[in-house]
K.L.:
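Below is one structure. I have some questions about it.
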Amino acid sequence: MSDHLPDTPQNPDDKPLDVRQLFTNPDSLADAVREARARVQMTRAGHADTIIGTVRLAHEVDDEAGIVELPVARRTLPTALLDREVWRHRIDVVVHAAGFHAARSPRYAWRLGHLSVLGAWTEFRTACGYLLATDFGHMIDEAKRHNYGEDHVAQLRADRRKEAKARRRENTTILGITGFTTYTTAVIALAEVWGMGIAAPFLIPALAFLYACGMRELGRRTEPFEIFEQAAAAGDAPLTDATINAVLHERKIFTDENHAIQLVGPIRETTINASLATFKLPSGITAQRLIANKNAIAEGLNVEPSWLDIEQDGHPSRVSMWIASSDPLAQARVSPLVTAPDRQDVYKQGAMIGFTRRGRTFYLPLRHVMVLLGGMSRTGKGMILRNLICALGLDPRINIRLAAGAKPGEHIGYASVCATFFGRRPDRVLALLQGLLAEALRREAYLEEQGRAKMNERDLELFPWEVAILDEAQEHTTDAEYGDDISQLLEKLSGFIAALNMTIILVTQDPDKNTVPRKYKSNSAVRAATKTGSPTQTNAILKEGATGAGMRAHELSRDVPGAAIADIDGLIGELLRSYFIEDDAYDGAEPIIRAGHKLRTAEGRAPGQFFDPIEAFLLERTGTSSVAGGPDGRGKPGRPTAAAATLHRSLLSDLLDIFEAKGNPDRLRTLEILTALAAADPDTWSAKALSVDENDEKGWASKGGTKLNKDIAKELDGTGRTLTSGEWTKGGRGRGYFLAGVRAAAGIAPE
């Protein structure tokens, strides 16, 4: 950009014109700067945009601008020289090679001896042939064969004797014989005086010379002969680039003999029994080719396929290969939450449930997905679920709704962090799913008002994350009375609630097309399987073709409880093992759940501390509460306490409390009920609130009774149950409600 206008002649005495003064609007100036920069970048100078702006060198300081001198980068030693794991792997390689060759030293000694004898014999024969001029023998044989005559043969023999005599008198021959005899005499003398122990080292030059002669003779014969074996080729050898190259060539993954990997940094140990190598592949070969041939590579490396992990490391031709020398999942690990039950961010990270072969913590993603967890009984499925619930309990933004199947007693310890928890009750499972549907529709209407497609983390303040867990799902989906309705609701919910910060987790030990609804499985983007009974069950939990893709959960070992395969859409199946939390001796989950309850209580998010629309829905439908496992906390729904009733306004529950307070008579007049209701909530039920004169009991009973009938009908809407006031004459004329009718409307079976 010129300092002068185009039509102004440049004069050295003129002061440069600051073109920025031509722009009074800062936005116009910014646009002009951007346009100028774009034009400069289109010139031959390319992106060297040094015309615009101010360049400050690192050593320049401008206190007003806040620019300080940049420190000069210090030179440090390469990471390969400082990395402990790298040196540990190198030491392992050296120690293994030393032991490998030491064990084969007798074999090497025999081979060296054989080669030295071959060299000695070859040199002796060559020396004799030279000194005796045996090369003339060929010419003599030719003369005899072609009948050149006796005189010609006699002449050749004379020349042979003459040549042999001359060779024996050559300086080289004399010096060679002198050196040999001197060396031999000296070694014999040392052996006689000092013993063979002192003389033996002086034999090394002779052995080295004979070894070289033997190798030269083998080269002439083109015979394969190997003295030292490769330690890297042993089955128990630490991982090296030579090992990898050998296997890739042997398994025909590298078809060109010049193909070889190029290590990116040194090989390092990652755990006690595993090594990690990162390398580049030759042109034309990608990481996917190695991954597709993983089983063949594992066979070449003499390890189980599950002990080998191959990943693409960024670029398609860059590979991260991890190999263990023993089962990496054999040793159980205690969950970090046992010793540090800190707050979790399940929304972003996922739920911490176990560790992978490489020793990494595995977080099961739960945001905006449906989840399916399955496997045979006693294979560690319960421990995965325990890890899952403990992680969920440490995130106060999550409402945990746990519907236990066959064994609700196993889950009683989680009650204090569960917004909903109850035992085997298919009818209540159906009501819970209906409540989730009602909540989903409410959230959908909110998004529609906001003009948005799905909820995100910012919405958790108004709409907590709903996570419903149906343990032993086969007990619910196969129920004779409610199973079909439950399956249909699961399929319906799984189709759209994921975007509403709502997640359903199905846990089953008998997976098939009858226990896992088809559409639910199709909509479940996260699946995990412990050991299964057959390939069919594996495919039922994971996905069709899972076994063909290498996710063979039916081949997992029973000796490794908690081992599982996680199948997440878009990722290759991950082999993992759940963290250990408890055993028969102690309950490791108890301090985690206690910490979770304390955390939730501090934020007003403990069960019973906040208005819960889903539990309010259940209370309206059933008349009982399952907040934190119900009134007794053992997974048995019951009538809510007074505090819970305040949070979950249920008129039927209020009526039951009024009857109980009066000794559970078989009937109560409307006026008596209104009096009790007004005492608890005068703003709603008092005569003044209903615009009735306080002395007009008849008017209060009439108007209050009408409101009571209307509100009860609204609560029971959709449940198929009804409750209206009745009139009686026995024992005095009156109108009100019967206890049996209230209990029936609340879904309580007759006593």
Side-chain angles (χ1 to χ4, degrees), residues 337 341 343-344 346-347 351 353 366 371 373 382 384-425 428-429 431-433 435-436 439 460 463-473 475-476 501-507 581-582 587-619 622 624-638 640-641 643-644 647-648:
L337 298 181
R343 179 178 183 137
Q344 300 293 295
V346 180
Y347 195 86
I353 65 169
L366 300 176
V371 182
L373 171 62
I384 293 179
L385 183 58
R386 181 166 291 265
N387 279 276
L388 180 61
I389 296 176
C390 287
L392 294 174
L394 289 171
D395 192 337
R397 302 171 300 176
I398 299 176
N399 289 338
I400 306 173
R401 308 199 184 276
L402 176 58
K407 301 175 182 177
E410 293 182 355
H411 307 305
I412 290 176
Y414 312 133
S416 62
V417 295
C418 289
T420 298
F421 167 50
F422 55 87
R424 186 191 330 207
R425 286 170 176 79
R428 196 171 186 87
V429 170
L432 173 61
L433 295 178
L436 289 172
E439 175 64 11
L460 295 181
F463 299 95
W465 188 5
E466 295 290 344
V467 178
I469 304 172
L470 305 188
D471 186 28
E472 303 296 350
E475 297 291 333
H476 311 306
N501 283 347
M502 302 177 74
T503 299
I504 297 177
I505 302 175
L506 286 190
V507 185
I581 289 185
E582 69 166 11
D587 184 2
E590 192 272 335
I592 302 176
I593 298 301
R594 187 171 62 247
H597 182 262
K598 183 178 180 181
L599 183 63
R600 289 169 176 264
T601 301
E603 299 188 13
R605 292 283 303 134
Q609 283 187 312
F610 58 93
F611 175 72
D612 187 343
I614 293 180
E615 266 298 325
F617 181 91
L618 289 175
L619 194 59
T622 66
T624 57
S625 171
S626 49
V627 177
D632 60 357
R634 304 185 65 82
K636 183 179 180 181
T641 61
L647 286 172
H648 311 290

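Sequence positions, counted from 1, serve as the residue numbers for this chain. Because the structure is a prediction, the values reported are computed rather than measured.
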K.L.:
Pick out which of Glu466, Gln344, Arg600 makes a side chain to side chain contact (heavy atoms under 4.5 Å, CB included) with Ile398.
P.N.:
Arg600
K.L.:
What's the spacing between Cys418 SG and Ile412 CD1 if we round to 0.5 Å?
P.N.:
11.5 Å
K.L.:
Consider side chain to side chain contact (heavy atoms under 4.5 Å, CB included). Of Val371, Ile469, Val346, which one does Thr503 pass it with?
P.N.:
Val371
K.L.:
Hey, what do you get for CZ (Phe421) to OH (Tyr414), rounding to the nearest 0.5 Å?
P.N.:
9.5 Å
K.L.:
Return the minimal non-hydrogen interatomic distance between Ala391 and Ala351, and the atom names on each side.
P.N.:
CB-CB, 3.9 Å
K.L.:
Just how far is it from atom NE2 of His411 to atom CG of Asp471, taken to the nearest 0.5 Å?
P.N.:
3.5 Å
K.L.:
I want to check something: taking the side chain as every heavy atom from C-beta on, are Val507 and Ile384 in contact at a cut-off of under 4.5 Å?
P.N.:
no
K.L.:
Could you tell me whether the side chain of Arg605 and the main chain of Pro396 form a donor-acceptor pair under 3.5 Å?
P.N.:
yes
K.L.:
To check you understand the geometry: which heavy-atom pair defines the closest contact between Arg424 and Gly405, and what is its length?
P.N.:
CB-O, 3.1 Å
K.L.:
What is the minimum heavy-atom distance between Phe617 and Ala431, and which atoms define it?
P.N.:
CE2-O, 3.6 Å
K.L.:
Do Asp612 and Arg401 have side chains that approach each other closer than 4.5 Å (heavy atoms only, starting at C-beta)?
P.N.:
yes
K.L.:
Closest approach of Ala403 and Val429, non-hydrogen atoms and distance?
P.N.:
CB-CG2, 4.0 Å
K.L.:
Please confirm whether the backbone N or O of Ser626 pairs with a side-chain atom of Glu615, one donor and one acceptor, at under 3.5 Å?
P.N.:
yes
K.L.:
Report yes if some heavy atom in the side chain of Leu470 is under 4.5 Å from a heavy atom in the side chain of Leu506; otherwise report no.
P.N.:
yes
K.L.:
If you measure from CZ on Phe422 to CG on Leu618, what distance do you get to the nearest 0.5 Å?
P.N.:
7.0 Å
K.L.:
Please check if the number of heavy atoms outside Arg397 that lie under 6.0 Å from its CZ is greater than 12.
P.N.:
yes
K.L.:
If you measure only the distance, is there a donor-acceptor pair under 3.5 Å linking the side chains of Thr624 and Arg428?
P.N.:
yes
K.L.:
Please walk me through it: do Ile614 and Asn399 pass side-chain contact (heavy atoms from CB on, under 4.5 Å)?
P.N.:
CA-CA 10 Å; Ile614 293 180; Asn399 289 338; over 6 Å; no
K.L.:
With side-chain contact (heavy atoms from CB on, under 4.5 Å) as the criterion, how do Asn387 and Leu337 come out once you've worked through the C-alpha distance, each side chain's angles and the decisive distance to 0.1 Å?
P.N.:
CA-CA 9 Å; Asn387 279 276; Leu337 298 181; over 6 Å; no
K.L.:
Scan side-chain atoms only and decide if Gln609 and Thr601 contain a donor-acceptor pair under the 3.5 Å cut-off.
P.N.:
no
K.L.:
Measuring only between side-chain heavy atoms, which start at C-beta, is Glu439 closer than 4.5 Å to Phe463?
P.N.:
yes
K.L.:
Do you know which two heavy atoms are closest between Tyr347 and Asn501, and how far apart they sit?
P.N.:
OH-OD1, 3.0 Å
K.L.:
Nearest 0.5 Å please: distance from the CD1 atom of Ile353 over to the CG atom of Leu373.
P.N.:
8.0 Å
K.L.:
Could you tell me which residues satisfy side chain to side chain contact (heavy atoms under 4.5 Å, CB included) with Ala595, sequence neighbours excluded, listed by chain and number?
P.N.:
Pro341, Leu394
K.L.:
Nearest heavy-atom pair of Pro607 and Ala628: which atoms, and what distance?
P.N.:
CB-CB, 3.9 Å
K.L.:
Tell me every residue that passes side chain to side chain contact (heavy atoms under 4.5 Å, CB included) with Glu410, counting only those two or more places apart in sequence or in another chain.
P.N.:
Lys407
K.L.:
Nearest 0.5 Å please: distance from the CD1 atom of Ile581 over to the CD1 atom of Ile592.
P.N.:
4.5 Å
